[in-house]
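Accompanying notes for the structure given below.
So you know, we letter chains A, B, ... as the sequences are listed, proteins then strands, and number each from 1.
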Protein chains: 2
Amino acid sequence: MTEPRWLTDDEREAWLRLMAVTMLLPNRLEQQLKRDAGLSHFEYYVLAMISECADRSLALTELASRTNSSLSRLSHVIARLEAQGLLTRAASPRDGRASIATLTDAGWAKVLASAPGHVEEVRSVVFDALSARQVSQLSDICGRMLATLDPHHRLLGLG
Amino acid sequence: MTEPRWLTDDEREAWLRLMAVTMLLPNRLEQQLKRDAGLSHFEYYVLAMISECADRSLALTELASRTNSSLSRLSHVIARLEAQGLLTRAASPRDGRASIATLTDAGWAKVLASAPGHVEEVRSVVFDALSARQVSQLSDICGRMLATLDPHHRLLGLG
DNA sequence: CGGTTTTAGTTGAAACGTCAAGTTAGCGGT
DNA sequence: ACCGCTAACTTGACGTTTCAACTAAAACCG
């Protein structure tokens, strides 16, 4: 085996910081949502994804793609959310295998009530600290990384 | 309650991408380390942090800060790593409450063996996709976010 | 000193995520 | 129409993380 290509000092610095962000940011969002809405970030994200679809409905496989979760994990979470009355599951009329999750009025209300606090948190942690130019740089940089991490754009909507 | 400050289109785009990265990147690292070293990313990070200290030793509270974990989580993980013979726990001579974790030779060897593959993965996902200028931008941007996320620099060494 | 508070860590139970196995429905070829 | 194969989940067991309660040592303080 060959000598590994170690990181330069600049790369190492950038890496440690990126690492710190990926460790701290999810925690931060988690805490805010748990405290103010009683939802985990993943639960919120699931509800938010469904809420943006026509009829507030989405098939589980598609939902799993967009939330970067296994079908198994999603199935467990959907069961919990259903038990809380935030959504319902129904068989697809088109495909007997598929389940379609639909937000209830309570689920819709939950999203409406939770979104402002969540956005405020995102803004205060990320965007209040960055210039418009930096926002654009960040977008480009993440786009580059996603070319490797998510070559088929499974997460960003257009499956 | 007042109307929330929603995100602009550019901010929204940047946010979705950053989100995608923070969801996908940990997964990627996890898989590589699990496959090639039989360690979770957190376990690897714990061992790596200790390995960089004098005497390959570090007190648990300090380690918890640097790995962004609760003491409880760390305690469980340290117990598992100790059971695998990768490190040992000992009471601090200075402070009777403190435990100090020290890498064994096997633990040190594990870090040495695992690091190259891990660095290669980091390089292939992050740095191969970025120009030198973008690396510097990323570093700045993350630094800005960390001013809010980690104001006391708990993660980046100089506690 | 002696009592209170704070810090460091451990432990066990509950919650959550992952993994492997199973079920049912569509699909492709013959 | 039938057989095998794949896709879309579901389920239960297992491992990990979190949470709350606990112990013990140090620090503070009058």
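A straight line from CZ of A/F42 to P of D/dT17 spans 18 Å, rounded to a whole angstrom. Atom CD in A/E30 sits about 12 Å away from atom C1' in C/dA15, given to the nearest Å. Rounding to whole angstrom units, CG of residue B/D95 and C1' of D/dA24 are separated by 11 Å. One can place CZ of B/R35 at 18 Å from C1' of C/dC19, the figure rounded to the nearest angstrom. One can place CD1 of A/I78 at 15 Å from C1' of C/dC16, the figure rounded to the nearest angstrom. Residue A/R94 contributes atom CZ, which lies 21 Å from atom C1' of C/dT24 at whole-angstrom precision. Spacing between atom CG of A/L81 and atom P of C/dC16 amounts to 10 Å, rounded to whole angstrom units. For the pair A/L60 CG and C/dA25 P, the interatomic distance rounds to 16 Å; values are reported in whole Å.
With hydrogens and angles ignored, the 3.5 Å screen pairs a side-chain donor or acceptor of A/D150 with a backbone N or O of A/L155. Judged purely by atom type and a 3.5 angstrom limit, B/S75 has no side-chain atom pairing as donor or acceptor with the backbone of B/S72.
For B/S70, no side-chain nitrogen or oxygen approaches OP1 or OP2 of D/dT17 to under 4.0 Å. Taking only side-chain nitrogens and oxygens, A/R73 comes nearer than 4.0 Å to OP1 or OP2 of C/dG17. Put simply, B/R80 has a side-chain N or O that comes within less than 4.0 Å of OP1 or OP2 on D/dT16. For D/dC19, neither phosphate oxygen OP1 nor OP2 lies less than 4.0 angstrom from any side-chain nitrogen or oxygen of B/S72. In this model, the phosphate group of D/dA27 is not approached by any side-chain N or O of B/R97 to a distance below 4.0 Å at OP1 or OP2.
Heavy atoms of B/S99 sit under 4.0 angstrom from primed sugar atoms or phosphate atoms, though from no base atom.
Toward the 5′ end of DNA chain C lies the nearest nucleotide of B/L74, the other residue of the pair A/G96 and B/L74 mapping further downstream. Of the two residues near DNA chain C, A/S92 and A/S40, the one whose nearest nucleotide lies more 5' is A/S40. Remark on DNA chain D: of its neighbouring residues A/K34 and A/S75, the 5'-side contact belongs to A/S75, judged by nearest-heavy-atom nucleotide.
Using bins of under 30°, 30° to 60° and over 60° for the plane-to-plane angle, the ring pair B/Y44/B/H118 lands in the tilted bin.
Here D/dA8 is the nucleotide among D/dA8, D/dT17, D/dT10 with the atom lying nearest to any side-chain atom of A/A98. Of the candidate nucleotides C/dT10, C/dG26, D/dC9, C/dT10 has the atom nearest to the side chain of B/L71.
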Step-by-step side-chain contact (heavy atoms from CB on, under 4.5 Å) determination, B/L63 to B/I78: CA-CA 10 Å; B/L63 190 52; B/I78 290 287; 4.1 Å; yes
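In the interface, the side chain of A/H76 is paired with the base of D/dG12 through a donor and an acceptor atom under 3.5 Å apart.
The hydrophobic cluster containing A/I100 does not contain A/L71, counting ILVMFWY residues as joined when their side-chain heavy atoms lie under 4.5 angstrom apart, directly or transitively.
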